[in-house]
Amino acid sequence: MKKLEGLEWSGDEEKSKDDDLAEWPRPVPWRNIDAEGLDCDYALLFTQEEADSLFGRLETEVVYLTGHEARVQVFGKVHDIPRKQAVYGEPGLNYTYSGVTHCARQWTPTLEYIRDAVTKVTGQVFNFVLVNRYKDGQDHMGEHRDDERELDPLCPIASVSLGASRDFVFRHRDARGRGARRMEPVKLQLVSGSLLLMNPPTNTYWYHSLPRRRAVLQPRINLTLRRILSSEGKVGLMTRPPAPPPAKQALCSFETEDE
DNA sequence: TGGGGGGCAACTTG
DNA sequence: ACAAGTTGCCCCCC
Ligand SMILES: [Mn+2]
């Protein structure tokens, strides 16, 4: 695996064939989170020092969506998205959020490094990452499921946290709305350097959110690594426009937008 | 007692 | 039908 300057793991890099998932670069103790239809695994993947370093690198590397791409229109009203988002992955992949499709930028060295670390401890391969930056506890994310059609249903979603600790809440889909089943939400604290794996079928039955926490004053960066199937017709692999596109050619280009 | 935080159902339009 | 935020209300706590 590629090394990143200033982040030399003490473990030797030799690839024995029996390399199993146990050592990265030290063993990671997993905690399993279990409920009806919910299956997650949580581990401390990076030390605090490593996490600080990675956070700092991402702060200079990651290019977030700006301008109209940093807003969302729902029910006719325009809102600023209450966090910053960036989209990275294999060339051609894209991500649709509230009807707007964003093209993935090419992996940065730090994102590749984190991706490969997660692959090393999980054995899962990822081709896409959504970066969410929460500037403080006012930034948040509403309840939702990651139920996009183009996601590989067999691949867990891997969530890496860097920076401020934040609460993270799962709610069963049948526990929402009036006349809901009484089921306790499952609450976690995601600390800096942690990795949360959301295994199937978690995303079928459980919504998750990152609630507002007014006491949190520091920023947090979250990476959700995913595997997108490229063969889906609708989204996934963005194909060249069928004909030389007349006006809207800028759809899949990466021009900088005004702040 | 008042106000702040948090949970959550209700509401929002094209 | 379908989007993902905000708002309002209620409860708890200091
Ligand atoms: Mn999600």
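Just so we're on the same page: letters track the sequence lines, and every chain starts at 1. Hydrogens, waters and symmetry mates are skipped; everything else that's a heavy atom, side chains included, is used.
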*Go through DNA chain B in 5' to 3' direction and return only the first and the last nucleotide with some atom under 4.0 Å of chain A's heavy atoms.*
B/dG5 to B/dT13
Mind checking side-chain contact (heavy atoms from CB on, under 4.5 Å) for [X] and listing every partner two or more places apart, or none if nothing turns up?
X: A/S194; result: A/Y42, A/L44, A/S161, A/L190, A/V191
X: A/N32; result: A/D34, A/D39, A/D41
X: A/R227; result: A/Q124, A/V125, A/N127, A/D152, A/C155

_salt_bridge(A/R226, A/D146) N-O dist < 4.0 Å_ = yes
_Tell me whether A/E61 is salt-bridged to A/R133, with the criterion being a basic N under 4.0 Å from an acidic carboxylate O._
no
*Listed in order of residue number, which residues of residues 73-89 of chain A have a non-hydrogen atom at under 4.0 Å from DNA chain B?*
A/F75, A/G76, A/K77
_DNA chain B contacts made by residues 178-187 of chain A, counting heavy atoms under 4.0 Å_ = A/R178, A/K187
Listing, residues 212-219 of chain A side-chain donor-acceptor contacts under 3.5 Å, not counting sequence neighbours, or none:
residue	atom	partner	partner atom	Å
A/R212	NE	A/Q138	OE1	3.1
A/R213	NE	A/D167	OD2	2.7
A/R213	NH2	A/D167	OD2	3.4

*Atom CD of A/Q138 and atom P of C/dT6: how far apart are they, to the nearest Å?*
11 Å
*Nucleotide C/dA4, atom C1' - distance to OH of A/Y95 in whole Å*: 11 Å
*Could you note down all residue pairs passing salt bridge (Lys or Arg N to Asp or Glu O under 4.0 Å) where residues 86-103 of chain A supplies at least one of them, sequence neighbours left out?*
A/E90-A/R115
*asked:* Under 4.0 Å, counting only non-hydrogen atoms across every strand here, what does A/G177 touch: a base, just sugar-phosphate, or nothing?
replied: sugar-phosphate
*Which residues pass the side-chain hydrogen bond (donor to acceptor under 3.5 Å, both in side chains) test with A/K187, sequence neighbours left out?*
none
*asked:* A/E112: which residues meet the side-chain hydrogen bond (donor to acceptor under 3.5 Å, both in side chains) condition with it, sequence neighbours left out?
replied: A/K2
Return a table of donor-acceptor pairs under 3.5 angstrom between the side chains of residues 173-186 of chain A and protein atoms on other chains or two or more places apart.
residue	atom	partner	partner atom	Å
A/R176	NE	A/E143	OE1	2.8
A/R176	NH2	A/E143	OE1	3.2
A/R181	NH2	A/E36	OE2	2.9

*asked:* If you assign A/D147 and A/H140 each to the DNA chain C nucleotide with the nearest heavy atom, which residue ends up on the more 5' nucleotide?
replied: A/D147
*For each nucleotide in nucleotides 7-14 of chain C, reading 5' to 3', give B when a protein heavy atom comes within less than 4.0 Å of its base, S when such contact involves only the sugar-phosphate, and - otherwise.*
--------
